[in-house]
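Everything below concerns the one structure shown next.
All values derive from a computational prediction rather than experimental measurement. Indexing begins at 1, ligand by ligand and atom by atom, following the structure's order. Quick note: residue numbers are just sequence positions, from 1. Hydrogens, waters and symmetry mates are skipped; everything else that's a heavy atom, side chains included, is used.
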Amino acid sequence: MRLTVTRSCRSTWSARKLFDPSGYSSLVILHGSRHNKAFSSKDVKPNPVFEGYRRIHCLANIDVYAHQYGTTFRNPAVTKCAQPSRRNFHPNVSDDSIIFRQLLDYKSYTYTYLLADAATREAILIDPVIDTVERDYRVVQELGLNLIAAVNTHVHADHITGSGEMKKRLPVCKSMIAAVSQARADVKLKEKDLIKFGQFELEVRSTPGHTNGCLSYVWHDKHMVFTGDALLIRGCGRTDFQEGSPDLLYDSVHQKIFSLPHHFQVFPAHDYTGQTMSTVGEEVKFNPRLRRSKSDFVKIMKNLQLPYPKQIDKALPANMVCGIFDEV
Ligand SMILES: N[C@@H](CCC(=O)N[C@@H](CSS)C(=O)NCC(=O)O)C(=O)O
């Protein structure tokens, strides 16, 4: 969905998309600062999964206009916003110089991000998943993009990376991962490297703690950061396996992500509650783990007692070799 927000609208409103992973329905929320009312389409049913919707509404003390995906905005206050179109799906990104897609794997709730320069058509994928490679390949083809890189934020434990399978379909595509992960890839990344596509570049920041090779990618031009599992929306990656360390994760997030300007948009590798993005400022203020002191954070992380990811035994060895099963 694409919202083209006019200048006067842009200064007052911002948009957020939430979805219900089980029901596959979506809400788009537009919020501004002048009023204190909430509106929602009659189609939008109360649903506990839309916890984030209520939270944003309560915290921001704002107008909320909600509707289901695919319908148009009916409230006259937002008529300056164009009809939804399929050109640029994410409501938070209305920028003709780029193509941006947030793609979801419903099995592991992994987000894969497609980033492209609209002029040159050069594109990269962040965190492709093996189960959705066909879908992502089709999107790349349909949009006429030249996919030059499949970039992993880390060695995932809950799903197998799609970078190896994508390379089979598009040999020009280079796989990338942190050098310290010791996983196989065409390009081994380290702190301060730049990943270039068309006129754009991502800055590589090392954010270990969930794993020792966790990287975050900062798109300074577009005020976005792709945080992998280091920082999740109102959460963070677990630290109880691989080379997990709560001390290290706390420092990584505070030093490398929370130090970014607070309006930067945060795009994580997962969300289990149907939220699609956050901002640095929101996480600094509201993240229930990372807004605490380091010693509190360490205690919280040591007591999470999460079950191990179901695919861990298969995923870890496969991800060390770019997700290609026959090389395991
Ligand atoms: N149930 C899922 C795994 C869920 C999980 O452990 N997620 C990880 C990221 S993938 S290793 C995590 O760090 N979660 C943090 C949290 O607070 O939930 C499965 O079986 O795959």
Side-chain angles (χ1 to χ4, degrees), residues 18 20-22 48-49 51-52 55 102-113 126-132 151-163 177-178 180-183 206-217 225-254 256-257 266-278 282-283 286-292 294 296-320 323:
L18 308 166
D20 167 5
S22 58
V49 177
E51 172 59 24
R55 198 183 309 143
Q102 184 183 44
L103 303 155
L104 175 68
D105 168 35
Y106 281 105
K107 207 160 118 193
S108 62
Y109 297 114
T110 302
Y111 287 128
T112 297
Y113 297 97
I126 299 177
D127 284 335
V129 176
I130 198 164
D131 295 340
T132 52
V151 187
N152 294 287
T153 53
H154 63 291
V155 173
H156 296 273
D158 62 328
H159 67 272
I160 296 175
T161 175
S163 32
I177 200 163
V180 295
S181 72
Q182 300 190 334
S206 169
T207 49
H210 171 62
T211 74
N212 63 357
C214 280
L215 299 177
S216 295
Y217 303 115
V225 57
F226 300 90
T227 55
D229 287 5
L231 176 63
L232 304 179
I233 299 169
R234 309 299 193 263
C236 62
R238 61 197 293 169
T239 52
D240 55 337
F241 54 71
Q242 291 177 280
E243 309 80 17
S245 156
D247 279 279
L248 203 50
L249 183 59
Y250 190 88
D251 291 344
S252 291
V253 173
H254 278 261
K256 303 287 184 60
I257 301 174
V266 171
F267 291 101
H270 301 282
D271 188 77
Y272 303 104
T273 69
Q275 296 185 79
T276 54
M277 52 82 62
S278 181
E282 270 180 47
E283 294 310 314
F286 303 122
N287 191 295
R289 298 178 191 169
L290 283 149
R291 71 176 174 189
R292 311 280 289 270
K294 189 168 173 178
D296 283 354
F297 177 76
V298 171
K299 272 187 222 139
I300 292 169
M301 296 310 286
K302 289 196 167 154
N303 285 310
L304 281 184
Q305 297 184 321
L306 297 170
Y308 267 27
K310 290 185 272 305
Q311 293 202 62
I312 189 167
D313 294 337
K314 195 168 68 164
L316 286 182
N319 287 334
M320 290 304 285

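- Between Tyr272 and His270, the ring planes are parallel. Angles under 30° get that label, and only those over 60° would be called perpendicular.
- Only the side chain of His210 comes within contact range of ligand 1, with a heavy atom under 4.0 Å; no backbone atom does.
- The nearest pair of heavy atoms linking Ser278 to Arg234 is OG-NH1, 3.2 Å.
- Atoms of ligand 1 found under 4.0 Å from any heavy atom of Gly237, numbered from 1 in the order shown, are 13 (O).
- Taking CG of Asn287 as the start and CD1 of Ile233 as the end, the distance is 10.5 Å to the nearest 0.5 Å.
- Looking at Gln242, His210, Arg238, His156 one by one, the single match for side chain to side chain donor-acceptor pair (under 3.5 Å) with Asp229 turns out to be His210.
- Between Phe297 and Tyr250, the ring planes are tilted. Angles from 30° to 60° get that label.
- Within 6.0 Å of the NZ atom in Lys310, the count of heavy atoms belonging to other residues, nucleotides or ligands does not exceed 12.
- What sits closest to atom 20 (O) of ligand 1 on the protein, heavy atoms only, is Lys310 N, 2.9 Å.
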* Trace of the side chain to side chain donor-acceptor pair (under 3.5 Å) decision for Thr207 with Ser216 -> CA-CA 6 Å; Thr207 49; Ser216 295; 3.0 Å; yes
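- Close approach of ligand 1 to Cys236 is summarised as follows: ligand atoms under 4.0 Å from at least one heavy atom of the residue are 15 (C), 17 (O).
- Using a 4.5 Å heavy-atom cutoff, the side chains of Ile312 and Asp158 are not in contact.
- By the criterion of a heavy-atom distance under 4.0 Å, the side chain of His270, and not its backbone, is placed next to ligand 1.
- Nearest-heavy-atom check against atom 6 (O) of ligand 1 across Lys107, Arg238, Gln311 picks out Arg238.
- Pro309 CA, 4.4 Å is the protein heavy atom nearest to atom 2 (C) of ligand 1.
- Residue Ala269 places no heavy atom under 4.0 Å from ligand 1.
- The protein heavy-atom contact nearest to atom 16 (C) of ligand 1 is Leu306 CD1, 3.6 Å.
- Atom numbering of ligand 1 starts at 1 in the shown order; those under 4.0 Å from a heavy atom of Asp229 are 9 (C), 10 (S).
- Checked against the 6.0 Å centroid criterion, the rings of Tyr111 and Phe267 do not qualify as a close aromatic pair.
- The N/O atoms of Arg289, backbone and side chain alike, include one that comes under 3.5 Å of an N/O atom in ligand 1.
- Residue Asp158 has no N or O atom closer than 3.5 Å to an N or O atom of ligand 1.
- Looking from atom 7 (N) of ligand 1 to the surrounding protein, the closest heavy atom is Tyr272 OH, 2.8 Å.
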